[in-house]
Amino acid sequence: MIKNTDEMNKKENKKKIRKFNKPDALIVGAGPVGCVLAERLSNVNNLTCLIIDQRDHLAGNCFDKRNEKNLLYHRYGPHYLRFKKKFIFNYLSQFTKWIKGNYVVKSIVDGKKYPFPINITTLEKFFKKKFKSKNELISFLNQKKINIKNPKNSEELILSKLGREIYESFYKNYTIKQWGLHPKNLSKHVAGRVPIRFNRNNLYVNEKIQVMPKDGYTAMFQKMITNENIKLKLNTSFESIKKKIKPNILTIYTGCPDSYFDYKYGKLDWRSLRFSFRTYKKKFKQSCVQYNYPNEHKYTRSVEIKHVTKQISNYTIISKEYPTSSGQPYYPINNKRNNQIFSKYSKLIKREEKRNVFFEGRLASYKYLNTDQVVEKALKLHKKIQEKILTKYENK
Ligand code: UDP
């Protein structure tokens with residue numbers, strides 16, 4: 001009896017090895033895009049999926065883990081999940097329970113803490129003035145604003161909306177530190193990511209749905225890929241397996257496009273971050289999750305993620321973010337040079353699609369995207385794959 005079970009197990013294992021040596025789908029990268037595609041392709045289309053990742057964990061930059069004091073922290077900087085679209089929220093709700101996300105940020109200027117994004121309270125405190133009405137505030141700002149009709153970069157955008165004093169105190173040096181570039185040389189969409197408010201709303205983002213996965217991001221993505229037709233292989237680079245593992249149907253590639261094409265058109269620049277983490281025996285160190293330091297220190301912000309994970313503990317973790325030009329890719333630097341290089345790679349990417357290799361995600365599309373946006377893109381890609389290629393296989 002025991003022998004039989006042993007033999008059956010051996011057979012099963014062999015079958016498994018065979019199935020993942022030649023999976024239906026090879027998925028490069030175990031971040032949000034990779035996990036969503038593996039979930040859809042296995043649960044909806046019954047395909048076998050091998051996910052590989054060169055790191056030793058899943059969840060990409062959303063990865064969170066517990067330290068020796070059982071405190072959950074975001075290994076690659078805070079991820080303030082929010083949703084522009086309800087259907088993306090509904091989709092992820094299958095894999096996690098939620099807690100409310102109240103993302104409150106303050107900017108420290110001349111030793112004083114200001115609400116950030118800029119709102120009425122920030123302006124009152126900064127200009128030492130009370131505004132009785134929104135109109136009063138607007139006419140005050142009209143005198144401060146610099147008249148620039150079509151702002152072309154981040155500097156012009158902020159000057160045209162808030163004037164020079166606010167630009168210099170809150171934006172200019174933060175941006176230089178974060179990007180290693182002057183705001184003049186960055187798209188207006190960079191500083192434009194942060195709202196500017198003529199009310200007293202002090203939340204960092206505008207979306208109505210602001211939530212955190214109750215047990216963290218890693219647990220959520222783990223739950224997404226439990227189908228037995230999915231195998232996750234960590235510590236494995238695409239380079240090391242690309243000649244050995246040829247999928248039956250398709251490849252999803254979520255890495256950097258330049259390395260995929262052997263840097264044929266040159267290297268794309270990325271801004272990277274170094275993190276320092278420190279645990280304190282204290283309930284809280286800061287009054288809110290994030291303090292920004294535009295004008296002092298080498299780090300841009302200090303983050304106490306416990307404010308959003310809502311863990312109850314006598315300990316807390318502070319992380320500090322030091323922007324660097326080398327290291328893992330975090331932020332695409334969408335200037336003219338890089339965008340030109342990327343548009344050349346885009347043509348090759350289109351060609352790869354004809355061979356059923358699909359590029360998606362922040363790295364692969366060289367775009368500054370939030371987590372809800374990449375999940376949406378992954379769901380759209382799944383639909384496209386279904387319509388374009390899986391119907392053919394199903395009809396065979
Ligand atoms: N920014 C700034 N001062 C701040 C916070 C942000 O000038 O205190 C600018 C900066 O250029 C930054 C951009 O706004 O790169 C977007 O900020 P966000 O917080 O959205 O960046 P992320 O959270 O994606 O790193």
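Each ligand, and each atom within it, is numbered from 1 in the order the structure gives.
Note on ligand 1: Y80 sits outside its first shell, no heavy atom being nearer than 4.0 Å. Ligand 1 does not have K172 within reach: every non-hydrogen atom of the residue lies 4.0 Å or more from it.
Heavy-atom proximity to W179, at under 4.0 Å, picks out these atoms of ligand 1: 11 (O), 15 (O). Here is the list of ligand 1 atoms found below 4.0 Å of a heavy atom in N292: 4 (C), 5 (C), 8 (O). Residue Y368 approaches ligand 1 through these ligand atoms, each under 4.0 Å from one of its heavy atoms: 16 (C), 21 (O), 22 (P), 24 (O), 25 (O). Close contacts between ligand 1 and Y171 involve ligand atoms 2 (C), 7 (O) [criterion: under 4.0 Å to a heavy atom]. Those atoms of ligand 1 with a heavy atom of F170 less than 4.0 angstrom away are 2 (C), 3 (N), 4 (C), 7 (O), 8 (O). Near A191, meaning under 4.0 Å from any of its heavy atoms, are these atoms of ligand 1: 14 (O). Of all atoms in ligand 1, listed by their number and element, those nearer than 4.0 Å to a heavy atom of F116 are 3 (N), 4 (C), 5 (C), 8 (O). Atoms of ligand 1 lying under 4.0 Å from at least one heavy atom of Q178, given by number and element, are 15 (O).
The nearest non-hydrogen atom to atom 6 (C) of ligand 1, considering only Y103, Y293, Y174, Y291, comes from Y174. Of the candidates I176, V105, N173, V190, it is V190 that places a heavy atom closest to atom 13 (C) of ligand 1.
For a threshold of 3.5 Å applied to N or O pairs, the pair formed by S107 and ligand 1 contains no separation below that value. Taking distance alone, with nitrogen or oxygen atoms compared against 3.5 Å, V194 stays at or beyond that limit from ligand 1.
Remark: E165 engages K144 in a salt bridge, criterion side-chain N to carboxylate O under 4.0 Å. Salt bridge annotation for E228-K19: absent, with no cationic side-chain nitrogen under 4.0 angstrom from a carboxylate oxygen. Between K384 and E353, at least one side-chain N (NZ, or NE/NH1/NH2) sits under 4.0 Å from a carboxylate O, which counts as a salt bridge.
Figure legend: cation-pi geometry between K125 and Y114, with NZ or CZ positioned under 6.0 Å from the six-membered ring centre and within 45° of its axis. Both tests hold for R55 against Y76: distance to the six-membered ring centre under 6.0 Å, angle to the ring axis within 45°. Cation-pi check for R193 over Y368 is met; the charged atom lies under 6.0 angstrom from the ring centroid and within 45 degrees of its normal.
Looking from atom 20 (O) of ligand 1 to the surrounding protein, the closest heavy atom is R193 NE, 3.0 Å. Among protein heavy atoms, the minimum distance from atom 11 (O) of ligand 1 is reached at T175 OG1, 2.9 Å.
Each of Y331, Y345, F359, W270 was scored for a ring-ring contact (aromatic ring centres under 6.0 Å, His included) with Y366, with one residue passing: W270. Just one of Y171, Y174, Y291 meets the ring-ring contact (aromatic ring centres under 6.0 Å, His included) condition when paired with F116; it is Y171.
When only modelled atom types and interatomic distance are considered, Q386 and R40 share no side-chain donor-acceptor pair under 3.5 Å.
Only side-chain heavy atoms of R301 come within less than 4.0 Å of ligand 1; its backbone N, CA, C and O stay farther off.
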Is there a side-chain hydrogen bond (donor to acceptor under 3.5 Å, both in side chains) between T279 and N67 once you walk through the steps? CA-CA 9 Å; T279 306; N67 77 350; 3.2 Å; yes
